[in-house]
Amino acid sequence: MRKKELTSLMITVIVIKMLLSYPVSAVKNAGQAAWIEILYASVLALALFFITAKVYRLKKDLITIAETVGKKPLKIIVGLVIFLILLLNFSSTARIFPESVKVILLQNDRIENIIIGFAVVTVIGAYMGIKSLSRVNFMFLPVAGIVFAGFLLLLFPYYKIQNIMPILGEGAKPIFVNGISSLSIFSDIILLNILMPYTKNLNLAKSGIKKGLIIAAAVAFITVLAYCLAYEYPASEDYMLPMYQLMKMIHISNFFSRFEAFFQFIWSILIFLYSSIYVFAMCAVLQETFSLKYSKPLIIPITLISTAIARLPGSVSDTVKFTELVSVIQVPIVFLLPIALGLLSLKYDRRQQ
């Protein structure tokens with residue numbers, strides 16, 4: 001993968017997850033100061049990334065480094081932990097996305113048919129391989145970005161500055177203490193680590209991920225700010241699909257009033273790319289963890305298992321609550337594991353010299 005393709009992947013995997021339900025989660029946590037919370041979480045994520053970049057000296061993924069410093073037992077443990085994190089990340093998306101399609105586009109269709117279609121497209125995409133997926137994503141992402149920016153501009157008449165007053169909302173504690181949980185929207189950064197061997201060199205990977213992280217953080221900040229400006233608190237806590245609610249506000253005469261359907265179409269393409277990349281990465285993790293010869297035979301079973309797990313929560317609200325609970329465990333692993341293994345690899349290299 002080239003640097004710009006890695007950057008575009010970084011933007012997609014973070015922004016897709018952020019567009020699901022995060023604005024509402026941030027509002028529930030920090031009130032009308034949710035936009036400050038995401039800014040704070042973005043600074044923390046960038047700081048942790050820079051620390052990781054300092055101690056990470058090898059163009060190897062975490063599983064390979066774990067094998068180097070701790071042999072096969074540590075390799076299997078780290079591999080299974082990473083697989084579980086990827087599975088949880090993907091399952092929350094696979095649960096909410098079909099529901100949003102039914103609500104916005106296919107009200108009269110059965111949810112089971114939408115899930116089957118989602119699984120089929122995911123399997124096809126994963127079989128294409130990461131190089132093809134990264135190139136398609138790189139070509140489509142600018143189109144999605146232009147459309148998204150256009151939507152935010154069309155929402156301008158609905159923005160009210162008083163909706164974000166007082167500036168600190170419910171106080172500093174919900175923002176700067178409880179807000180640490182917002183690091184979970186950047187947890188997809190671990191997926192890029194798994195894809196590192198597909199890049200040309202370590203410096204290219206670091207540069208691409210850093211740029212993608214900064215752009216994704218900017219998009220997250222603008223999105224949450226737009227949501228806070230458009231909806232008055234505490235009414236902004238009540239929506240499970242915040243972006244859908246924002247798009248419903250836009251009307252240009254009686255001939256073009258369903259912007260949410262157009263947004264869903266663009267977003268669906270990005271979701272299919274996201275899901276295919278995730279399934280490919282999960283297969284790559286199992287292949288490396290257990291030293292398998294091929295990864296493609298795993299694509300269909302992992303897709304089926306992931307979509308089945310995604311259906312376990314009884315509703316979208318249950319999925320959101322479960323995701324918030326998982327983030328308490330997920331965040332330390334995602335951000336501290338690369339730092340810990342990076343330091344161990346440096347110590348191991350010194351011993352070998």
Side-chain angles (χ1 to χ4, degrees), residues 1-3 5-10 12-14 16-17 52 56 58-70 72-94 119 121-138 187-202 204-206 208-209 212 271-307 309-310 330 333-334 337-338 341-342 345:
M1 279 189 293
R2 296 172 294 177
K3 174 183 173 181
E5 292 170 349
L6 188 64
T7 299
S8 68
L9 282 181
M10 186 74 200
T12 296
V13 297
I14 291 178
I16 282 297
K17 187 176 180 180
T52 304
Y56 220 90
L58 302 171
K59 201 197 89 167
K60 296 180 180 179
D61 58 64
L62 291 173
I63 301 171
T64 304
I65 291 178
E67 183 178 24
T68 302
V69 301
K72 195 168 184 178
L74 184 61
K75 172 189 176 184
I76 293 175
I77 293 171
V78 170
L80 291 177
V81 167
I82 292 174
F83 178 80
L84 182 61
I85 290 173
L86 294 179
L87 180 63
L88 291 173
N89 272 347
F90 174 67
S91 294
S92 63
T93 304
V121 174
T122 298
V123 167
I124 294 172
Y127 268 104
M128 289 170 58
I130 193 60
K131 291 184 178 179
S132 298
L133 288 170
S134 63
R135 288 170 186 168
V136 172
N137 181 72
F138 173 72
S187 62
D188 301 87
I189 195 171
I190 201 166
L191 181 144
L192 276 300
N193 178 280
I194 299 303
L195 301 178
M196 191 177 293
Y198 297 92
T199 59
K200 292 182 179 179
N201 58 68
L202 181 61
L204 181 149
K206 288 181 178 179
I209 294 174
I271 283 283
F272 291 142
L273 289 167
Y274 171 94
S275 60
S276 298
I277 292 166
Y278 249 89
V279 169
F280 177 89
M282 285 191 284
C283 292
V285 167
L286 290 185
Q287 180 187 21
E288 188 169 354
T289 300
F290 297 105
S291 302
L292 304 176
K293 190 173 182 180
Y294 301 107
S295 64
K296 284 189 175 181
L298 298 172
I299 290 175
I300 293 178
I302 286 180
T303 302
L304 294 176
I305 292 171
S306 300
T307 51
I309 291 175
Q330 188 183 55
I333 294 175
V334 167
L337 183 62
L341 288 178
S345 68

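Only this structure's heavy atoms are used, side chains among them; waters, hydrogens and symmetry mates stay out. Quick caveat: nothing in here was measured; it's all calculated off a predicted structure.
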| query | Any sub-3.5 Å donor-acceptor pair from T7's side-chain atoms to G208's backbone N or O? | reply | yes
Considering only distance and modelled atom types, tabulate donor-acceptor pairs under 3.5 Å from the side chains of residues 79-86, sequence neighbours left out.
none

| message | To the closest 0.5 Å, what do you measure between CE (M128) and CD1 (I299)? | response | 11.5 Å
| Approximate separation, where rounding is to 0.5 Å, of L87 CG and I305 CD1 | 8.0 Å
| request: Sorted by first residue and then second, give each side-chain hydrogen bond (donor to acceptor under 3.5 Å, both in side chains) pair with at least one member in residues 290-305; sequence neighbours left out. | output: K75-S291
| query | Would you say L133 and L9 make side-chain contact, with heavy atoms under 4.5 Å? | reply | no
| query | If every non-hydrogen atom of S345 is compared with every non-hydrogen atom of I65, which pair is closest and at what distance? | reply | CB-CG2, 3.9 Å
| field | Shortest non-hydrogen contact from V78 toward A66 | value | CG2-CB, 3.7 Å
| request: Measure the spacing between CD1 of I130 and CD1 of I194 and express it to the nearest 0.5 Å. | output: 11.5 Å
| query | Side-chain contact, heavy-atom cut-off 4.5 Å: T307 with T122? | reply | no
| Check: V121 and I124 side chains under 4.5 Å, non-hydrogen atoms | no
| field | Test log, rule side chain to side chain contact (heavy atoms under 4.5 Å, CB included), inputs L286 and I302 | value | CA-CA 10 Å; L286 290 185; I302 286 180; 3.7 Å; yes
| request: Check step by step if side-chain hydrogen bond (donor to acceptor under 3.5 Å, both in side chains) holds for N137 and S134. | output: CA-CA 5 Å; N137 181 72; S134 63; over 6 Å; no
| remark: Nearest heavy-atom approach of Q287 to L298 is N-CD1, 4.4 Å
| task | Identify the two heavy atoms, one from S91 and one from S306, that lie closest to each other, and give their separation to 0.1 Å. | result | OG-O, 3.6 Å
| request: Hey, could you give me the OG1/CG distance between T64 and D61, rounded to the nearest 0.5 Å? | output: 3.5 Å
| message | Ignoring hydrogens, what is the shortest heavy-atom contact between Y274 and V13? Give both atom names and the distance. | response | CE1-O, 3.4 Å
| Heavy-atom pair with the smallest gap, counting every atom of P338 and L62 | CA-CD2, 3.6 Å
Could you pull out all donor-acceptor pairs under 3.5 Å where a side-chain atom in residues 277-284 meets a protein atom, sequence neighbours excluded?
residue	atom	partner	partner atom	Å
Y278	OH	N89	ND2	3.1
Y278	OH	D188	OD2	2.4

| request: Look up atom CD1 in I16 and atom CD1 in I271, then write down how far apart they are to the nearest 0.5 Å. | output: 4.5 Å
| Between OG1 of T289 and NZ of K72, what distance do you get to the nearest 0.5 Å? | 10.5 Å
